[in-house]
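Because only heavy atoms are used, hydrogens play no part in the values below, and waters and symmetry mates are left out as well, while side chains stay in.
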Amino acid sequence: MKEVQDFYFKKAKKEGYPARSVYKLEEAQQKYRLLKKGDKVLDLGCHPGSWSLYAAKVVGGQGLVVGIDLQKTSGGGKKDMAPIHWLHGDITDAEMLASVRGVAPAFDVVISDMAPSTSGNKWADQQQALALARRSLAVATEMLKRGGNYYCKVFQGEDVDAFFKEVRALFVSARLVKPKSSRSESREMFVLGMGFGG
Ligand SMILES: C[S@@+](CC[C@H](N)C(=O)[O-])C[C@H]1O[C@@H](n2cnc3c(N)ncnc32)[C@H](O)[C@@H]1O
């Protein structure tokens, strides 16, 4: 398994991404085409910036990316890439949505790779991760255009089924995705909702 992780780490470095997590989005994009040229993308938990940089390349110069994180993030600004607005803050703060709306009133895609800092208490960490996933879904519900797409990290656990059902009720299609670049021993998975019902 270590070789697989080293492979993605080296690949990310070579391709100019700050984290190998980029391939968890790239794999979904190659299979399901959730991002399209010209899209406006909202990236929750964007630091150190790989997903935003990748999305900015896919949507191209006519698109837009807004990345939010508790940590300050920078990068992008290259030719043929969408402009990236990096916002520094906590997405659970109500005022944060006003800052997002200040950049764009609505988005075609909301992606979330948010993860809490782990406490060592498995149950508490699972609850915290699920709370972030729920927050990202609430944000998606507020900010997505009709027909928009949603891609969000979750950790397998008893409450994930209920969360998945909520996504299924809001989108035309919903599926659970486990990218090859995500460690097989990790409980991390991604929920993909396509075609927001509005
Ligand atoms: C796995 S990292 C994201 C990696 C990123 N997708 C990339 O490819 O570079 C998870 C991020 O979620 C952020 N995060 C956790 N809780 C957050 C919150 N309430 N608001 C904003 N960001 C949060 C963390 O600060 C961390 O940087």
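- Ion pairing of Lys145 with Asp108 is present here, as a side-chain N (NZ or NE/NH1/NH2) and a carboxylate O approach within less than 4.0 Å.
- Listed by chain and number, the residues in a side-chain hydrogen bond (donor to acceptor under 3.5 Å, both in side chains) with Asp69 amount to none (sequence neighbours excluded).
- Between Met143 and Val100 there is a side-chain heavy-atom pair separated by less than 4.5 Å.
- Rounding to the nearest 0.5 Å places CG of Asp43 at 4.0 Å from CD1 of Ile111.
- The heavy-atom pair separating Pro18 from Pro48 by the smallest distance is CG-O, 3.4 Å.
- Annotation for His85 and Leu64: closest pair CD2-CD1, 3.5 Å, computed over non-hydrogen atoms.
- The closest side-chain heavy-atom distance from Arg135 to Ile91 is below 4.5 Å.
- A salt bridge does not link Glu188 to Lys178: none of the charged side-chain nitrogens sits closer than 4.0 Å to a carboxylate oxygen.
- Two residues are said to be in side-chain contact when any heavy atoms from C-beta on lie closer than 4.5 Å; Asp39 and Phe107 fail this criterion.
- Just one residue in the list Ser112, Cys152, Pro179 forms a side chain to side chain contact (heavy atoms under 4.5 Å, CB included) with Phe190, and that residue is Pro179.
- In terms of modelled atom types and a separation under 3.5 Å, the side chain of His47 and the main chain of Lys72 share a donor-acceptor contact.
- We find that Glu15 and Lys11 are joined by a salt bridge, their nearest charged nitrogen and carboxylate oxygen being less than 4.0 Å apart.
- Between the side chain of Arg175 and the backbone N or O of Leu192, no donor-acceptor pair lies under 3.5 Å.
- Between the side chain of Tyr23 and the backbone N or O of Ala12, at least one donor-acceptor pair lies under 3.5 Å.
- Residues forming a side-chain hydrogen bond (donor to acceptor under 3.5 Å, both in side chains) with Asn149 (at least two apart in sequence, or on another chain): none.
- Residues Gln30 and Tyr32 fail the side-chain proximity criterion, which asks for heavy atoms closer than 4.5 Å.
- When atom types are taken as modelled, the side chain of Asp125 and the backbone of Lys122 share no donor-acceptor pair closer than 3.5 angstrom.
- For the pair Leu144 and Val139, the minimum side-chain heavy-atom distance is 4.5 Å or more.
- When atom types are taken as modelled, the side chain of His88 and the backbone of Thr73 share no donor-acceptor pair closer than 3.5 angstrom.
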Subject >> side-chain hydrogen bond (donor to acceptor under 3.5 Å, both in side chains) between Ser136 and Tyr150, worked out >> reply: CA-CA 9 Å; Ser136 78; Tyr150 170 70; 2.7 Å; yes
**OP:** Please assess Trp51 against Tyr151 for the test ring-ring contact (aromatic ring centres under 6.0 Å, His included), listing each intermediate value before the final yes or no.
**Re:** CA-CA 11 Å; Trp51 279 26; Tyr151 186 61; 5.7 Å; yes
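- For the pair Asp159/Gln127, a side-chain contact is recorded, criterion being any heavy-atom separation below 4.5 Å from C-beta on.
- Residues Leu53 and Tyr17 form a side-chain contact, since some pair of their non-hydrogen atoms from C-beta on lies under 4.5 Å apart.
- Atom NZ of Lys37 has more than 12 neighbouring heavy atoms from other residues, nucleotides or ligands inside a 6.0 Å radius.
- Taking CG of Leu130 as the start and CG of Leu137 as the end, the distance is 10.5 Å to the nearest 0.5 Å.
- Contact detail for Met114 and Lys153: the closest heavy-atom pair is O-CE, 3.8 Å.
- In this structure a side-chain-to-backbone donor-acceptor pair under 3.5 Å is missing from Arg20 to Tyr8.
- Here the OG1 atom belonging to Thr118 is positioned 11.0 Å from the CD atom belonging to Gln128, to the nearest 0.5 angstrom.
- For the pair Glu27 (side chain) and Lys180 (backbone), a donor-acceptor distance under 3.5 Å is present.
- In this structure Thr92 satisfies the side-chain hydrogen bond (donor to acceptor under 3.5 Å, both in side chains) test together with Asp90, sequence neighbours excluded.
- Counting heavy atoms from C-beta outward, Val154 and Arg187 have side chains that stay 4.5 Å or more apart.
- Checked by atom type and distance alone, the side chain of Asn121 pairs as donor or acceptor with a backbone atom of Ala124 at under 3.5 Å.
- The shortest heavy-atom contact between Leu34 and Gln29 is N-OE1, 3.2 Å.
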